[in-house]
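Remember, it's 1-based here, ligands and their atoms both numbered in the order they're listed. From a predicted model like this one, the values you see are computed outputs, not experimental measurements.
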Amino acid sequence: MEINSASFVISSTELSKCPTDGLPEYAFIGRSNVGKSSLINMLTNVKNLAKTSAKPGKTVLINHFLINKQWYIVDLPGYGYAKASKSTKAGLHKMVTDYVIKREQLACLFVLLDSRHKAHDIDLDFIHFLGEEQIPFALVFTKTDKISKLEFEANLSDYKNTLLMSWEELPPIFTSSSVKKRGRQELLDYIGAINDSIFSEEA
Ligand code: GTP
Ligand code: MG
């Protein structure tokens, strides 16, 4: 699959304000600063489509980008930003969980994890929540340009072993580097395959 057009549509403060056209959507979530917005720019090949920042806590709204006039990429605020106030954290948490649980057209939620780190409780808790709620999701290990292959393999097997303690099957796993443009085609092809099955069911 290739992306031929990508345009910003709307930033929403809550689920009820999101687009109502029912097109399939693919959302990106993960800890603040993990590289969600950068990955979206890399996938779409549009430099500043999603706003990025070296400081965590940049994305604070639900942002819809229309792709190929057929489906959406959704940039979500990160979780686990320690410096945010309690009320900001609670507000963002409600916004994101509402979206994840109730958004029927959510075709896949990509959970981004920093490839440099071993499994963190906040990510594992979120992954467990997705499993319990039966939300379709995949994992994306980001920033692979910042770690050696060997170190990454160790972190990855740590993650897999931890997940296999609770689940029989592993979710689909991808790796990416927005700086080196790694992992782009694999992610786009995965999205393309899901879209094909959605659009053929509708036809
Ligand atoms: P919030 O919106 O705050 O939740 O963050 P985010 O997850 O959207 O992260 P963002 O894309 O804004 O990137 C955070 C920082 O990481 C920026 O300084 C990016 O340049 C950097 N970054 C993102 N992806 C990569 C990557 O693949 N490699 C490297 N080296 N840096 C990256
Ligand atoms: Mg962001």
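Listed for the Asn155 side chain is a donor-acceptor partner under 3.5 Å among the backbone atoms of Ser115. In this structure, the side chain of Ser12 does not engage the main chain of Leu15 through any donor-acceptor pair within 3.5 Å. With hydrogens and angles disregarded, no donor-acceptor distance shorter than 3.5 Å links the side chain of Gln105 to the backbone of Trp71. At distances below 3.5 Å, at least one donor-acceptor pair connects side-chain atoms of Ser53 with backbone N or O atoms of Lys55. Although no hydrogens or angles enter the test, the distance criterion places no donor-acceptor pair under 3.5 Å between the side chain of Asn68 and the main chain of Ile3. A side-chain donor-acceptor contact under 3.5 Å links Lys36 to the backbone of Arg31. A donor-acceptor pair under 3.5 Å is absent between the side-chain atoms of Asp158 and the main chain of Ala154, judged by distance alone. At least one donor-acceptor pair closer than 3.5 Å links the side chain of Thr144 to the backbone N or O of Ser176.
Residue contacts with ligand 1: Pro77 is placed with no nitrogen or oxygen under 3.5 Å of a nitrogen or oxygen of the ligand (distance criterion only). At least one N/O-N/O distance between Asn33 and ligand 1 falls below 3.5 Å. Residue-to-ligand polar distances keep Asp75 apart from ligand 1: every N/O pair is separated by 3.5 Å or more. For ligand 1, the polar-atom distance check finds an N/O of Ser38 within less than 3.5 Å of one of the ligand's N/O atoms. The distance criterion of under 3.5 Å between nitrogen or oxygen atoms is not met by Lys55 with respect to ligand 1. In terms of polar-atom proximity, defined here as any N/O pair under 3.5 Å, Lys36 does make such a contact with ligand 1.
Between the CZ atom in Arg116 and the CD atom in Glu151 there is a gap of 11.0 Å [rounded to 0.5 Å]. Atom CZ of Phe141 is separated from atom CZ of Phe152 by 5.5 Å, given to the nearest 0.5 angstrom.
With a 4.0 Å cut-off on non-hydrogen atoms, Asp145 touches ligand 1 through its side chain and not its backbone.
Every atom of ligand 1 with a heavy atom of Ser177 under 4.0 Å away is listed here by number and element: 27 (O). The contact set between ligand 1 and Pro56, taken as ligand atoms under 4.0 Å from a residue heavy atom, comprises 3 (O). Close contacts between ligand 1 and Gly35 involve ligand atoms 6 (P), 7 (O), 9 (O), 10 (P), 11 (O), 13 (O), 23 (C) [criterion: under 4.0 Å to a heavy atom]. Shown in contact with Ser53 at under 4.0 Å from a heavy atom are these atoms of ligand 1, numbered in order with element: 12 (O), 13 (O), 14 (C), 15 (C), 17 (C), 18 (O). The distance from ligand 1 to the heavy atoms of Ser178 drops below 4.0 Å at these ligand atoms: 24 (N), 26 (C), 27 (O). Within ligand 1, counting atoms from 1 as listed, the ones closer than 4.0 Å to a heavy atom of Val34 are 7 (O). Taking a cut-off of under 4.0 Å to the non-hydrogen atoms of Lys146, the atoms of ligand 1 that pass are 30 (N). Using a 4.0 Å cut-off to heavy atoms of Ser37, the atoms of ligand 1 that qualify are 8 (O), 11 (O).
Scanning all protein heavy atoms for the shortest distance to atom 2 (O) of ligand 1 gives Thr59 OG1, 2.7 Å. Remark: minimum distance from atom 31 (N) of ligand 1 to any protein heavy atom is reached at Val179 CG2, 3.9 Å.
Distances from atom 16 (O) of ligand 1 to the heavy atoms of Lys58, Arg182, Lys143 put Lys143 nearest. Distances from atom 3 (O) of ligand 1 to the heavy atoms of Ala54, Gly57, Gly78 put Gly57 nearest.
At least one N/O/S atom of Thr59, from backbone or side chain, sits under 2.8 Å from the Mg ion (ligand 2). The Mg ion (ligand 2) has no N, O or S atom of Thr52 closer than 2.8 Å.
Annotation: side chain of Leu163 is in contact with side chain of Pro171 (closest heavy-atom distance under 4.5 Å).
Note on ring orientation: taking the six-membered ring where Trp is involved, the planes of His117 and His120 are perpendicular (angle over 60°, cut-offs 30° and 60°).
Tested against Asn41, the residues Asp75, Leu49, Val46 include a single side-chain contact (heavy atoms from CB on, under 4.5 Å) partner, Leu49.
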